[in-house]
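Just below is one structure, and these are the notes that go with it.
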Amino acid sequence: MSDVSPPAAWRLRADIDLGALRANVRALRQRASGGAGLMAVVKADGYGHGLLPCARAARRGGADWLGAATPEEALALRADGDTGPLLCWLWTPGGPWREAIEAGIDVSASGLWALEEINAAARAAGRVARVHLKADTGLGRNGAQPADWSALVAAARAAEAEGTARVTGVWSHFACADEPGHPSIAAQQAAFAEALAVAARAGLDPEVRHFANSPATLTLPGAHYDLVRCGVSVYGLSPSPEIGQPADFGLRPVMTLRARLAAVKRVPGGHGVSYGHRYTTPGETTLALVPAGYADGIPRHASGSGPVLVAGKLRTVAGRVAMDQFVVDLGGDAAAAGDEAVLFGPGDRGEPTAEDWARAAGTISYEIVTRIGPRVPRVYIGGEGGEGGEGGEGGEGGEDEGGEGE
């Protein structure tokens, strides 16, 4: 593996293992049943890991499609040189439809208003828009309700006849696939089968039908259809502890968040720590200052509970997480300014994981990694040619097939 050195005076950094990401994509492809392809979802700056380096690594790992939420994300991928299948699904009226169509981006329509704007943009561009129709099978977010589905399908078929659009996909999204046995799962599968039947009767013949997100990819092979959409699992995180841990699926967490201690000092017993003095030292002890706070994405809700590996042992955030820093109590152990503190990583070296932080903050691991802020440099390791970093980090790396146990 070829590591890229961080800045000499770093205080906090997120190491992104692109070799692990490629290996995760390969492992997920092996789970896709019936020859289904795989879409790597790289929205939200690649779940906080870096949009462009992660997209390149996912393609190298074998991702057939990329998935983006916003048009800005999708257009950035095209500007980076990605020419493969790419879906963008979160649109609002007046969005950059024409730019997306001209860039060969597949766009999603959940209602007639979107299809009308797509058709207008396609006429203006003189191009045929590639459109995925989304059915609301029970999640209650985007997607056409069953009562509106036939009208959307009919309008899409008319657009095909006019030559402004080609329906390349029909899709939906699970609400509770991360809760095995939830009654909504079977109900949604039946609703999606009916939506597909309505589309077929209208004469639509999409290239891909897709329904399965990360948890459904891992547990519901009957929902894989032509394409599975993997988001958090691409980054080596389990979509739900109830389903299993990453290693259970051959996945390895991609991000390791580490800091360098800014200060270490002895204090007497009864000394208050951080705002509000929610923590008071039980006796004479050593406090270490970790230069990371909620401005960097460290959850304030993990005050008093967030785990950190310092001086070879797991510690807990002492008192409140502040904007730029928090404190840990080392007890009788020694440390020095500049020593490393590991907030989370794969967990195989004794460090906490993103899931540990999620439990401490009462949230999910998705939020832990996506909230890591832009002032935290991403340092890319395990890269191949063309998988460089952003903002001066990253660059050319060596050949690597992923970390141990993948």
Side-chain angles (χ1 to χ4, degrees), residues 13-25 27-28 38-61 63 65-70 72-74 76-77 80 82 86-90 173 177-178 212-218 228-241 243 245-246 249 251-257 296-299 343-347 352-358 361 363-383 387 389-391 393-394 402-403 406:
R13 79 186 207 221
D15 291 350
I16 309 300
D17 187 346
L18 297 177
L21 191 148
R22 293 194 303 275
N24 293 338
V25 170
L28 292 163
L38 182 138
M39 176 187 292
V41 179
V42 293
K43 65 180 181 177
D45 194 31
Y47 283 57
H49 295 66
L51 173 68
L52 302 181
C54 290
R56 297 181 205 126
R59 288 291 197 197
R60 289 181 178 273
W65 287 70
L66 295 178
T70 70
E72 292 76 16
E73 293 167 339
L77 291 166
D80 189 55
D82 188 276
L86 167 61
L87 174 63
C88 174
W89 54 75
L90 191 57
H173 195 68
D178 56 347
N213 52 6
S214 283
T217 298
L218 297 173
V228 296
R229 301 187 309 272
C230 295
V232 76
S233 57
V234 165
Y235 307 96
L237 302 177
S238 171
S240 169
I243 290 176
Q245 298 304 310
F249 307 110
L251 305 175
R252 181 176 178 80
V254 172
M255 182 187 291
T256 297
L257 184 65
D296 302 296
I298 309 305
L343 281 72
F344 62 80
T353 65
E355 182 60 41
D356 292 328
W357 271 89
T363 185
I364 56 177
S365 61
Y366 301 64
E367 183 180 355
I368 297 301
V369 292
T370 57
R371 69 186 294 153
I372 300 304
R375 74 177 187 176
V376 180
R378 273 62 170 173
V379 179
Y380 295 95
I381 64 176
E387 289 176 9
E390 299 171 305
E393 309 296 344
E406 307 211 53

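Just the heavy atoms: all of them, side chains too, but no hydrogens, waters or symmetry mates, feed the values below. Everything numeric in this text was worked out from a predicted model, so none of it was measured.
Using a 4.5 Å heavy-atom cutoff, the side chains of I372 and L257 are in contact. P246 has its side chain out of reach of R252: every pair of non-hydrogen atoms, C-beta onward, lies at least 4.5 Å apart. The closest side-chain heavy-atom distance from L251 to S233 is below 4.5 Å. Annotation: side chain of N213 is not in contact with side chain of V41 (no heavy-atom distance under 4.5 Å). Proximity of K43 to W89: side-chain heavy atoms (C-beta onward) are separated by under 4.5 Å at one or more points. At a threshold of 4.5 Å between non-hydrogen side-chain atoms, the residues P352 and L343 do not count as touching. For the pair D82 and R59, the minimum side-chain heavy-atom distance is below 4.5 Å.
Expressed to the nearest 0.5 Å, how far OH of Y380 lies from CG of D17 amounts to 12.0 Å. Rounded to the nearest 0.5 angstrom, L86 CG and W65 CH2 are separated by 8.5 Å. S214 OG to D178 CG: the interatomic distance, rounded to the nearest 0.5 Å, is 10.5 Å. Atom CG of residue L237 and atom CD1 of residue I368 lie 10.0 Å apart, to the nearest 0.5 angstrom. With values rounded to the nearest 0.5 angstrom, C230 atom SG is found 10.0 Å from M39 atom CE.
The two residues V25 and A63 have their closest heavy-atom pair at CG1-N, 3.7 Å. Here the closest heavy-atom approach between residue V376 and residue A14 is recorded as CG1-N, 3.8 Å. The two atoms that bring P346 and T256 nearest to each other are CD-OG1, 3.3 Å, heavy atoms only. Closest approach of A177 to I243, counting heavy atoms only: O-CD1, 3.9 Å. Between L21 and A58, the shortest heavy-atom contact is CD2-N, 3.6 Å.
Judged by distance alone, the side chain of E73 and the main-chain N or O of A69 form a donor-acceptor pair under 3.5 Å. The backbone N or O of S365 lies less than 3.5 Å from no partner atom in the side chain of W357, so there is not a single donor-acceptor pair. At distances below 3.5 Å, not a single donor-acceptor pair connects side-chain atoms of R22 with backbone N or O atoms of G61. A donor-acceptor pair under 3.5 Å links the side-chain atoms of R378 to the main chain of G48, judged by distance alone. S238 places no side-chain N or O within 3.5 Å of a backbone atom of Q245 that could act as its donor or acceptor partner. A donor-acceptor distance shorter than 3.5 angstrom exists from the side chain of N24 to the backbone of A20, with no hydrogens or angles considered.
Look at D80 and R56 and you find a salt bridge, because one of the NZ, NE, NH1 or NH2 atoms lies within 4.0 Å of a carboxylate O, short of that distance.
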Where do M255 and F344 land on the side-chain contact (heavy atoms from CB on, under 4.5 Å) test, with the steps shown first? CA-CA 8 Å; M255 182 187 291; F344 62 80; 3.7 Å; yes
Could you walk me through whether R13 and D15 pass side-chain contact (heavy atoms from CB on, under 4.5 Å), step by step? CA-CA 6 Å; R13 79 186 207 221; D15 291 350; 2.7 Å; yes
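In this structure A55 satisfies the side chain to side chain contact (heavy atoms under 4.5 Å, CB included) test together with V42, L66, L77, sequence neighbours excluded. R229 pairs by the side-chain hydrogen bond (donor to acceptor under 3.5 Å, both in side chains) definition with H173, H210, not counting sequence neighbours. Qualifying side-chain hydrogen bond (donor to acceptor under 3.5 Å, both in side chains) partners for T353, counting only residues two or more places apart in sequence or in other chains: D356.
Classified by interplanar angle (parallel below 30°, tilted 30° to 60°, perpendicular above 60°), the ring pair Y235/Y47 is parallel.
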